[in-house]
Amino acid sequence: MILSQQYRSILVVTSVDAERDAVMRGLQGDERFIVIAGGVGPAAAAASTARALAIADYDLVICAGICGGFVGQAEIGSLVVATEIICADLGAETPEGFCSVDELGFGSARVSVDQELVEQLANSMKEAGLVAKKGIILTLSTVTGTAETATALAQRMPEALAEAMEGYGVATAAESAGRPVLEIRTVSNAIGPRDKSAWRIKDALESLEKGSSVLREVLS
């Protein structure tokens, strides 16, 4: 495929070792991929990604891991491929509500991705029998933990499918280096009240492994 000529060296950034290991199992030793656990949160992810990009040259940067899914949008165990990466809490509170950094005029909390590649990857995942969706993935420094916050966030970002903590950090480092970026997540829990008994981390990691196998095929 043409994609293999375009993306010959690929950096994958997860937050923790368990995500990194799941991705690596799915990639099956493909030497084009370097997978690192960059730490939790956008700051650690940005720093780790920037350091990796300073050491070696990559054609593509991918943020991968598990996430929370909005109820009715992305169910537990499903894969989500980001159509846009948005830092949902980068901005200011005002009497009228949240005001994004874009609205403030101090830069952008949004990073775009290659829509053609997103489409191809999501379709390939579905063809492989996986439950996959494409849509906005939010980045937050503090993930949602109450029904009230979940409702407010869903109303403010109605097109979002999922939330996690690292995508925007990885994306800004890649964008600064002039490299294209993707974010791929698997849903381990519903966004809302923190009920650990309902989390399905093992299932999400297994989906992440399967999704990474499809990723390898799409880029080969």
Problem - From R20 atom CZ to T14 atom OG1, the distance as rounded to the nearest 0.5 Å - result: 7.0 Å
Problem - Residue pair P180 / Y7: nearest heavy atoms and the distance that separates them - result: CG-CE2, 4.1 Å
Exercise for the section: Following the transitive rule for hydrophobic clusters with a side-chain heavy-atom cut-off under 4.5 Å over Ile, Leu, Val, Met, Phe, Trp and Tyr, establish whether Y58 and V170 coincide in one cluster. Expected result: yes
Handout entry: Residue pairs fulfilling side-chain hydrogen bond (donor to acceptor under 3.5 Å, both in side chains) with at least one residue in residues 190-200, sequence neighbours excluded
Key = D195-S197
Exercise for the section: Determine whether V113 and E84 make a side-chain contact, defined as any pair of heavy atoms from C-beta on separated by less than 4.5 Å. Expected result: no
Practice task
Step by step, work out the side chain to side chain contact (heavy atoms under 4.5 Å, CB included) result for V218 and Q120.
Solution key: CA-CA 8 Å; V218 169; Q120 183 172 359; 4.1 Å; yes
Practice task
Give a yes or no on whether M157 atom CE has more than 12 heavy-atom contacts from other residues, nucleotides or ligands under 6.0 Å away.
Solution key: yes
Handout entry: Under 3.5 Å donor-acceptor, K133 side chain and Q73 backbone
Key = yes
Problem - Closest approach of V13 to T49 (non-hydrogen atoms, all atoms of both residues) - result: CG2-OG1, 3.6 Å
Practice task
Please confirm whether the backbone N or O of A152 pairs with a side-chain atom of Q155, one donor and one acceptor, at under 3.5 Å?
Solution key: no
Problem - Test side chain to side chain contact (heavy atoms under 4.5 Å, CB included) applied to V23 and L208, step by step - result: CA-CA 6 Å; V23 171; L208 184 60; 3.9 Å; yes
Exercise for the section: Please confirm whether R156 makes a cation-pi placement over F98, using NZ or CZ under 6.0 Å from the six-membered ring centre and within 45° of the ring normal. Expected result: yes
Practice task
Go through the steps for I66 and L205 under the test side chain to side chain contact (heavy atoms under 4.5 Å, CB included), then give the verdict.
Solution key: CA-CA 7 Å; I66 63 176; L205 290 172; 3.9 Å; yes
Exercise for the section: Using the rule that two of Ile, Leu, Val, Met, Phe, Trp, Tyr join whenever any of their side-chain heavy atoms come within less than 4.5 Å, decide whether L130 and L182 are in one cluster. Expected result: yes
Handout entry: Over all atoms of both residues, closest heavy-atom pair of T139 and P42
Key = CG2-CB, 4.3 Å
Exercise for the section: Could you tell me whether the side chain of L90 reaches within less than 4.5 Å of the side chain of Y168, counting heavy atoms only? Expected result: yes
Exercise for the section: Using atom types as modelled and distance alone, determine if a side-chain donor or acceptor of Q28 lies under 3.5 Å from a backbone N or O of R25. Expected result: no
Practice task
Determine the sole option in L219, I184, I62 for which the side-chain contact (heavy atoms from CB on, under 4.5 Å) test with L121 is passed.
Solution key: I184
Exercise for the section: Measure the shortest side-chain to side-chain distance between S212 and M24 over non-hydrogen atoms and say whether it is less than 4.5 angstrom. Expected result: no
Practice task
Could you tell me whether the side chain of I34 reaches within less than 4.5 Å of the side chain of V12, counting heavy atoms only?
Solution key: no
Exercise for the section: Check whether any side-chain heavy atom of L79 lies under 4.5 Å from a side-chain heavy atom of V187, and answer yes or no. Expected result: no
Fill in the blank from the handout: Applied to residues 140-149, the side-chain hydrogen bond (donor to acceptor under 3.5 Å, both in side chains) test, sequence neighbours excluded, yields T144-E163, T146-T149
Practice task
Decide yes or no on side chain to side chain contact (heavy atoms under 4.5 Å, CB included) for I85 and I137, but give the supporting numbers first.
Solution key: CA-CA 5 Å; I85 301 166; I137 299 179; 5.7 Å; no
Practice task
For the pair R179 and D57, evaluate salt bridge (Lys or Arg N to Asp or Glu O under 4.0 Å) and give the outcome as yes or no after the intermediate values.
Solution key: CA-CA 9 Å; R179 297 293 179 265; D57 189 24; 2.6 Å; yes
Practice task
Using a 4.5 Å cut-off on heavy atoms from C-beta on, say whether the side chain of E119 contacts that of N123.
Solution key: yes
Exercise for the section: Without swapping roles, check the side chain of S176 against the backbone of A173 for a donor-acceptor pair under 3.5 Å. Expected result: no
Practice task
Verify whether one side chain among D59 and S9 offers a donor that lies under 3.5 Å from an acceptor in the other.
Solution key: no
Exercise for the section: Give, for atom CD1 of I191 and atom SG of C67, the distance between the pair rounded to the nearest 0.5 Å. Expected result: 7.5 Å
Handout entry: Cluster check V118, I136: I/L/V/M/F/W/Y, side chain < 4.5 angstrom
Key = no
Handout entry: Side chain S188, main chain I201, donor-acceptor under 3.5 Å
Key = no
Exercise for the section: Could you tell me which residues satisfy side chain to side chain donor-acceptor pair (under 3.5 Å) with S15, sequence neighbours excluded, listed by chain and number? Expected result: E19
Practice task
Tell me whether F70 is reachable from V80 by hopping between hydrophobic residues (I, L, V, M, F, W, Y) whose side-chain heavy atoms are closer than 4.5 Å.
Solution key: no
Practice task
Heavy atoms only: give me the nearest A190-V71 pair and the separation to one decimal.
Solution key: CB-CG2, 3.9 Å
Exercise for the section: Report yes or no: does T172 contribute a side-chain atom to a donor-acceptor pair with the main-chain N or O of G169 at less than 3.5 Å? Expected result: yes
Exercise for the section: Grab the two heavy atoms, one from D17 and one from A37, that are nearest each other, plus how far apart they are. Expected result: OD1-CB, 3.5 Å
Handout entry: Under-4.0 Å salt bridge between K202 and E206
Key = yes
Practice task
Report the distance from atom CG of L215 to atom CG of L27, rounding to the nearest 0.5 Å.
Solution key: 6.5 Å
Handout entry: E159 CD: over 12 foreign heavy atoms closer than 6.0 Å
Key = no
Handout entry: Pair R185 + E166, salt bridge at N-O below 4.0 Å
Key = yes
Exercise for the section: Find out if a path of hydrophobic residues (ILVMFWY) with successive side-chain heavy-atom gaps under 4.5 Å connects V131 to L161. Expected result: no
Handout entry: Backbone N/O of A74 and side chain of S78: donor-acceptor pair under 3.5 Å
Key = no
Problem - Minimum heavy-atom distance L11-A52, with the two atoms named - result: CD2-CB, 3.8 Å
